[in-house]
Amino acid sequence: MDPLTGAASPDLRVDIGPLRLRNPVMTASGTFGYGEEFASLVNLNRLGAIIVKGISLEPRRGNPPPRIIETACGMLNAIGLENVGVDRFITEKLPFLRRLETPVIVNILGDSIEEYSRLADKLNYARGIAALEVNISCPNVKKGGVAFGTVPEMATAVTRSVRQATGLPVIIKLSPNVTDIALIARAVEEAGADAISLINTLLGMAVDIRTRRPRLANIFGGLSGPAIKPVALRMVWQAARAVSIPVVGIGGITTVEDALEFLMAGATAVQVGTANFFRPTATEEIVAGLEEFLRQEDLSSVRQLIGSLKTE
Amino acid sequence: MDPLTGAASPDLRVDIGPLRLRNPVMTASGTFGYGEEFASLVNLNRLGAIIVKGISLEPRRGNPPPRIIETACGMLNAIGLENVGVDRFITEKLPFLRRLETPVIVNILGDSIEEYSRLADKLNYARGIAALEVNISCPNVKKGGVAFGTVPEMATAVTRSVRQATGLPVIIKLSPNVTDIALIARAVEEAGADAISLINTLLGMAVDIRTRRPRLANIFGGLSGPAIKPVALRMVWQAARAVSIPVVGIGGITTVEDALEFLMAGATAVQVGTANFFRPTATEEIVAGLEEFLRQEDLSSVRQLIGSLKTE
Amino acid sequence: MPEFQEKSPVRGREQLTPDVCRLTLHAPKIAEHARPGQFVMARAGATLDPLLRRPFSIHKATGDGLISILFKVVGKGTRLLAAAAESVEIDLIGPLGRGFDTTVAGPHCLIGGGMGIAPLYFLAERLMRAGRQASNPPVLLGAQTQAELLLLAEEFTELGYPVLTATDDGTIGHHGFVTELLDDILPEVQQVYVCGPMPMMRTVALKCRAAGTPCQVSLETHMACGLGACLGCTYPASGGGYLHVCKDGPVCSAEEVTWTL
Amino acid sequence: MPEFQEKSPVRGREQLTPDVCRLTLHAPKIAEHARPGQFVMARAGATLDPLLRRPFSIHKATGDGLISILFKVVGKGTRLLAAAAESVEIDLIGPLGRGFDTTVAGPHCLIGGGMGIAPLYFLAERLMRAGRQASNPPVLLGAQTQAELLLLAEEFTELGYPVLTATDDGTIGHHGFVTELLDDILPEVQQVYVCGPMPMMRTVALKCRAAGTPCQVSLETHMACGLGACLGCTYPASGGGYLHVCKDGPVCSAEEVTWTL
Ligand SMILES: Cc1cc2nc3c(=O)[nH]c(=O)nc-3n(C[C@H](O)[C@H](O)[C@H](O)COP(=O)(O)OP(=O)(O)OC[C@H]3O[C@@H](n4cnc5c(N)ncnc54)[C@H](O)[C@@H]3O)c2cc1C
Ligand SMILES: Cc1cc2nc3c(=O)[nH]c(=O)nc-3n(C[C@H](O)[C@H](O)[C@H](O)COP(=O)(O)OP(=O)(O)OC[C@H]3O[C@@H](n4cnc5c(N)ncnc54)[C@H](O)[C@@H]3O)c2cc1C
Ligand SMILES: Cc1cc2nc3c(=O)[nH]c(=O)nc-3n(C[C@H](O)[C@H](O)[C@H](O)COP(=O)(O)O)c2cc1C
Ligand SMILES: Cc1cc2nc3c(=O)[nH]c(=O)nc-3n(C[C@H](O)[C@H](O)[C@H](O)COP(=O)(O)O)c2cc1C
Ligand code: FES
Ligand code: FES
C-alpha cells in the first residue's frame with residue numbers, strides 16, 4: 001500500500017528458479033564485501049538479495065598490489081579472489097548475514113571441479129544460505145589454463161558437479177570473454193543450472209607509461225562499471241533468448257534506468273557492482289526507482305517488464 | 001632538427017610490413033570519412049596514414065536510423081557499413097587523397113570471400129593506395145552467419161584470398177568479440193597478412209526504456225571510444241606476443257598517453273577512431289606529443305618504445 | 001565551406017526559464033562565416049562523460065565576433081553547458097551544415113516551436129538586414145508556456161516582425177499548437193521556414209504541400225561528428241535512401257524528407 | 001565505528017598555491033565523529049568520469065559541523081574538487097579508517113611532507129586540546145617550496161607548536177629533506193607521527209626503528225570504496241600477507257608495514 005495514495009504498491013517480487021526475491025535488486029559479488037561493510041550506509045533489508053565476495057575452500061591472499069585502477073567510466077581490478085575461505089566465512093561472516101531479512105547468496109570459486117563440488121557440499125551444512133552463485137570466470141587468477149567459463153565442456157562439468165553436490169538453487173555466473181555467450185548459456189542450462197548471471201568483468205589491461213610497467217601487478221584485470229554496460233546488455237539479451245531459465249543481468253548498472261534496460265532485455269533480476277563503491281546507496285535507489293517507474297507506467301508487477309523489449 | 005635547440009628531431013618512422021610510415025598515427029576506418037571531411041580542421045599531411053571508411057564492391061545504404069547513441073565514455077554505432085562503393089571511391093574520393101603526402105590505406109569489406117578478393121583486385125588498378133586494411137569483423141551487418149573474424153578458418157580464408165589478389169601490403173583488422181584473440185592473430189599471420197590491426201568495436205546494445213525498444217534500429221551496435229581502451233590494450237598485448245608481424249593498436253585512443261600505452265604493449269602504430277569526432281585534432285596532438293615524449297625520455301626513435309613494456 | 005574550431009570564452013549567460021539558457025560566446029571566425037540555419041558542435045570541460053559534442057543552432061551571430069546559442073537543459077551535455085561560468089571556454093566547431101535558403105523572394109513566414117526558435121532569430125535578423133521586412137506576415141512562435149516565449153517574442157518584435165504566439169498551457173497567445181495559426185497566413189506567403197519538434201514540422205510541411213507553398217525545415221538527429229564523417233546522422237529521404245543531416249541539412253526542403261511519423 | 005554519507009556544501013575555499021587548495025565543507029555528522037588520521041571519500045558532480053570517489057585525510061574538524069580537506073591538484077578528481085564553487089555540494093563518506101593513536105604519553109614529534117601535512121594539523125589540534133602541549137619538540141614540515149608551507153606553518157604555530165620547516169628548493173627553512181631535521185629531535189621523543197610520501201615515511205620509520213622509538217605512519221594506496229569491501233587497497237604487511245589500508249589503516253604502526261621500496 002502506498003501510504004499517501006492508498007494505492008496498492010507495485011509488486012517487485014521475482015523468482016530466480018526456486019528462489020523468490022522480494023525485489024530484483026542484488027549486490028554483485030566482490031563489490032559489497034560480506035554485507036556488513038555497508039551496514040551503516042545502506043538499509044540491507046531493502047535489498048532483493050546479498051551476494052557475498054567469492055569464497056574458496058581455503059583462504060586466499062589475493063594478488064600483490066596495485067590491484068585496482070580507474071579507467072574511463074570504469075575500473076580494472078585484479079584482487080585475485082582474496083577471501084577468508086569457506087570455514088571462516090561460515091563462522092565469522094554468515095552469522096551477521098543470517099540476522100538480516102534479505103536472502104544471502106554465496107558466490108563460490110575453485111581451481112578444480114572437485115573444489116567447486118566440495119565447496120557446494122560444505123555450504124549445504126550452513127544455515128542461512130539461499131542459493132549458490134558459481135563464478136566460472138575468474139579472469140584474475142593465473143591458473144595455468146583457460147577459465148572454466150570460456151569452454152562449454154568445462155562450464156558443463158562445473159555446473160553438473162555443483163548441481164549434484166547441493167540442494168540449493170544454483171546460479172552459474174558466466175564470463176563475457178567468449179565468442180558466443182548463447183552457447184555457454186545453453187550448456188550450463190542443460191547441465192542443470194537453475195539460473196545464469198552475467199556478465200563478469202571483461203579482461204583488460206592498463207600501462208603506466210612512466211615506469212613502462214603494467215599498472216596492475218597481475219598485468220591483466222577485470223573491467224567493470226558503466227563503461228561495460230552496452231556489452232553486458234547485449235550479452236544478457238542474447239543469453240535470455242537462448243535459455244528458458246532466469247537470467248540475472250550484471251554490468252555497469254548504476255541507476256534505475258540501467259536496471260530497467262536489463263529487465264526489458266530479458267533479465268529477471270539485476271546485480272549492482274562497481275556502483276556500490278562510488279554510490280553506496282545505488283541498490284536502494286534502484287529499488288525505489290523501480291516502484292516509482294511501475295507506478296508511472298501503471299503496471300502492477302515488475303514481472304511485466306521482464307523481456308518486454310520490442311524488436312520489430 | 002628542432003628549430004629551437006638545434007637537436008635532431010626524434011625519429012617517428014615505423015614500418016608496417018613493407019609500408020614505411022612517417023609516424024605511427026593513423027585514422028581509424030569509419031571515423032575520418034574519406035579525409036576531406038577533416039581538411040579544414042586537421043593538417044592531413046601531419047598524419048602517419050589515413051584509413052578511409054570501409055569500401056565494398058557495390059555502394060551500400062547502411063542501416064536505418066537511429067545509428068548512433070552515446071554511452072558512458074563511449075558510443076554505439078550501427079552505421080551498417082554505408083559507403084559509396086569501390087568505383088565511386090576511386091573516381092570521387094581518391095583524387096583528393098592522392099594529392100596528400102600522407103599514405104592512404106583502403107579499408108575493405110565484403111559478404112563473401114569472392115567479394116573481398118574482387119575488391120582487392122579492383123584496387124590494384126587504382127593509383128595512390130599504400131595498403132589495404134581488411135575488415136573481417138562487420139558486427140553491424142545482419143548477415144545470416146557469424147562474422148568472418150570470429151572463426152579462425154574463415155579469417156584464414158579471407159586473408160589468403162586478399163593476399164593472392166593484391167601486391168599491396170595487407171593489414172587484417174581483427175574482431176575483439178572472440179574468446180582467444182591470439183588464435184585468430186596467428187591464423188591470419190600464417191595466411192599471409194603483412195600486419196594485423198585491432199580492435200574493431202565490441203558488440204553492444206542499448207535500450208530506450210520509454211519506448212521499450214532498442215535504441216539502435218539495428219538492435220546491436222559497435223562499442224567504441226575510451227570505454228573500451230582497457231580491453232583493446234589487453235588484446236593488442238596478447239596479439240603482439242602471439243605473432244611476429246607488426247600489430248596496429250586501436251581502441252579508445254584519445255591522447256598521447258593512450259597511444260604510448262599501446263606502443264609499449266607491442267603496437268608498431270596506432271589508429272585514432274572515435275576521438276576524431278569529439279577532438280578532431282587528436283591525431284595531430286598525438287604526433288606532437290610523441291615527439292615531445294621521446295625528447296623528454298631522451299630517445300632517438302619511437303621504435304625504441306614498441307613492446308618496451310616490462311612485465312616482471 | 002570554411003569550418004573552424006574555436007575555444008570560445010563565455011561572454012554572457014541568460015537564464016530565460018529554469019531550464020532554458022542562452023550563452024553568448026566569443027567565436028570570431030564562426031561568427032564571421034555563419035549563415036542562418038547553420039549549427040555548431042559544442043563541448044564543455046575535459047571530462048569523457050559526456051563524450052560527444054552537442055549540436056546547437058546558431059541563434060545569433062554579430063559583427064563583434066560573438067555568437068549565441070539558445071538551449072534547453074535536457075541531459076548531461078546541456079547541463080554542463082548551462083553550468084559554464086563567465087569566461088569558461090567552450091570548445092566549438094562551426095559553422096556547420098546547410099543553412100536556410102534566404103534568396104527566395106516574396107512574403108515569408110517563420111514558424112518556431114520550442115528551441116526551434118533558436119535558428120529563426122538569426123534567420124529573421126538576416127532577412128531583415130537584406131531588406132525583406134516589407135509587409136511580412138507574423139512570425140509564429142510556440143512553446144509550452146509563457147516564460148519561454150516572453151523575451152524571444154519581444155526580440156522578434158524589435159527586429160520589426162509582427163509576432164503571434166501559442167502555448168500548450170495557454171499562458172500566452174493562442175492556447176494550442178502554433179501550427180493552428182498558420183492556416184490564416186498560409187495563403188499570403190510564398191515561403192515557409194520552420195524549426196521545431198518533428199510532429200510540428202510534419203504538420204507544417206503537409207499544410208504547405210497542400211497549399212503548394214515551398215517549405216524549408218530544419219532537422220534534428222543524433223550526431224557524433226557534425227562533419228559528414230561518422231554517417232550517424234541519417235534521416236530517410238523522400239526519394240529513398242538517407243539524408244545526412246549534418247551535411248545535406250540541417251535545413252532541407254520539406255519535399256526532400258519522408259514524413260512518416 | 002559510525003560512517004555517514006553527507007552531501008556537503010562548500011563553505012570555504014582557499015587557494016594556498018596555484019595547485020594546493022583547501023575546502024571547508026559542512027558535514028556535521030562526519031565532523032562530530034572524526035578522529036585525527038581518519039579520512040573521507042569524496043566525489044564532486046554527477047559525471048561518471050572520474051568514476052570513483054577520492055580519499056582525503058580530514059585536515060580539520062570543528063564543533064560547528066565543518067570539516068576541511070587540504071589537497072593538491074594532481075588529476076581529474078582533484079581538478080573537479082578544486083573547481084567546486086561556494087555552496088556546491090560535495091558527496092562525502094566518512095569518517096573512515098583507523099586514525100592515529102593519541103593515547104601515547106610523553107613528548108611526540110609530528111612530521112609532515114607535502115599534502116601529508118593535512119592530517120597532522122587535525123592531530124596537533126587534538127593533542128593540544130588533550131593538554132599534551134607541554135614542552136613539545138617542534139613539528140617538522142616539508143614541502144617543495146615556501147608557498148606551500150607559509151600558511152600551514154603559521155597555523156601550527158598558532159596552536160602552540162614550535163615549527164621547523166624544510167623545502168626542496170631552500171626557499172624557506174632547511175634546504176633539503178624534512179627527515180634530516182629529525183636526527184636532533186629524535187632522542188627527546190617517545191612517539192613519532194608521520195605522514196608524507198613513501199620514501200620520506202620509510203626514512204623516518206627506519207630512523208625510529210634504529211632509535212627504538214614507536215612511529216605511526218599514514219599510508220596511501222589506490223582505493224575504490226574506502227569501506228573494506230573492494231579489497232583493492234592492499235599494502236604488504238611486515239608479517240606477510242596484506243594490510244587493507246582503508247580498514248587496517250590508513251594509520252599503522254611503522255612496524256606493521258614492509259619497507260621495501
Ligand atoms: C542541428 C541541430 C541543432 C540543434 N539546435 C538546438 C538548439 O538550438 N537548442 C537546443 O536546445 N537544442 C538543439 N538541438 C538539440 C540538442 O543538440 C540536444 O538537446 C542536445 O544534444 C542534448 O544533449 P544532452 O547531453 O543534454 O542530452 P542527452 O539526452 O543526455 O544526450 C545524449 C545524446 O543524445 C543526443 N541528443 C539528445 N537529444 C537530441 C536532440 N534533440 N537532437 C539531436 N541529438 C540529441 C545528444 O547529442 C547526445 O549525443 C539541436 C540538434 C541538432 C541536430
Ligand atoms: C587515506 C588517504 C588520504 C589522502 N589524503 C590526501 C590529502 O589529505 N591531500 C591530498 O592532496 N591527497 C591525499 N591523498 C591522495 C589523494 O587521494 C589523491 O591525490 C587523489 O585521489 C588523486 O585523484 P585525482 O583524480 O586528482 O588523480 P588521478 O591520478 O587522476 O587519479 C586516478 C586514480 O588514482 C588514485 N590515486 C591517484 N593518486 C593517488 C594517491 N596519491 N593515493 C591514493 N590514490 C591515488 C585516485 O584515487 C584515482 O582512483 C590521500 C590518499 C589516501 C589513500
Ligand atoms: C573489485 C571487484 C571484485 C569482484 N569480485 C568478484 C568475485 O569475487 N566473484 C565474482 O563472481 N565476481 C566478482 N566481481 C565481478 C562483479 O561481481 C561483476 O560481475 C562485475 O564487476 C560487473 O558488474 P559491475 O560493472 O556492476 O561492477 C568483482 C568485481 C569487482 C569490481
Ligand atoms: C562510426 C564508426 C564507423 C566505423 N566504421 C568502420 C568501418 O567502416 N570499417 C572498419 O574496419 N571499422 C570501422 N569502425 C571501427 C573503428 O575503425 C575502430 O576500430 C573502433 O571504433 C575502435 O576504435 P576507437 O575506440 O578509437 O573508435 C567504425 C567505428 C565507428 C565509431
Ligand atoms: S554527424 Fe557525423 S556524419 Fe553527420
Ligand atoms: S578501499 Fe575498498 S577495501 Fe579498502
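Please read these numbers as outputs of a predicted model, since none were measured by experiment.
For A:Leu216, the side chain to side chain contact (heavy atoms under 4.5 Å, CB included) criterion is met by A:Ile69, A:Leu76, A:Ala78, not counting sequence neighbours.
Comparing D:Pro2, D:Ala224, D:Cys225 by heavy-atom pairs within less than 4.5 Å of chain A, the highest count is held by D:Ala224. Interface summary for chain A: among D:Ile93, D:Leu52, D:Leu231, the most heavy-atom pairs under 4.5 angstrom belong to D:Leu231.
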Step through the atoms of chain A and chain D and list each donor-acceptor pair whose separation is under 3.5 Å.
from	atom 1	to	atom 2	distance (Å)
A:Ser40	OG	D:Glu3	OE1	3.2
A:Arg67	NE	D:Thr234	OG1	3.1
A:Arg67	NH1	D:Leu231	O	2.7
A:Glu70	OE1	D:Arg54	NH2	2.9
A:Glu70	OE2	D:Leu51	N	3.2
A:Glu70	OE2	D:Leu52	N	2.7
A:Glu70	OE2	D:Arg54	NH1	2.9
A:Glu82	OE1	D:His244	NE2	3.1
A:Glu82	OE2	D:His244	NE2	2.7
A:Phe278	O	D:Arg53	NE	3.0
A:Phe278	O	D:Arg53	NH2	3.1

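Between the side chain of A:Asn177 and the main chain of A:Leu202, no donor-acceptor pair closer than 3.5 Å is present. Using a distance-only test at 3.5 Å, with no hydrogens or angles considered, a donor-acceptor pair links the side chain of A:Glu115 to the main chain of A:Asp111.
Across every non-hydrogen atom of A:Ala39 and A:Phe96, the tightest pair is CB-CZ, 4.1 Å. Contact record, D:Val73 with D:Ala82: CG2-CB, 3.6 Å, taken as the closest heavy-atom pair. Listed here is the closest heavy atom pair of D:Cys233 and D:Cys246: SG-N, 3.5 Å.
Neither the backbone nor the side chain of D:Met41 comes within contact range of chain A; no heavy atom of the residue lies under 4.5 Å from a heavy atom of that chain. Heavy-atom distances place the side chain of A:Pro226, and not its backbone, under 4.5 Å from chain D.
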Step by step, would you call D:Ile30 with D:Val40 a side chain to side chain contact (heavy atoms under 4.5 Å, CB included)? CA-CA 9 Å; D:Ile30 296 174; D:Val40 292; 4.0 Å; yes
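Counting heavy-atom neighbours within 6.0 Å of D:Phe4 CZ, excluding the residue itself, gives a total above 12.
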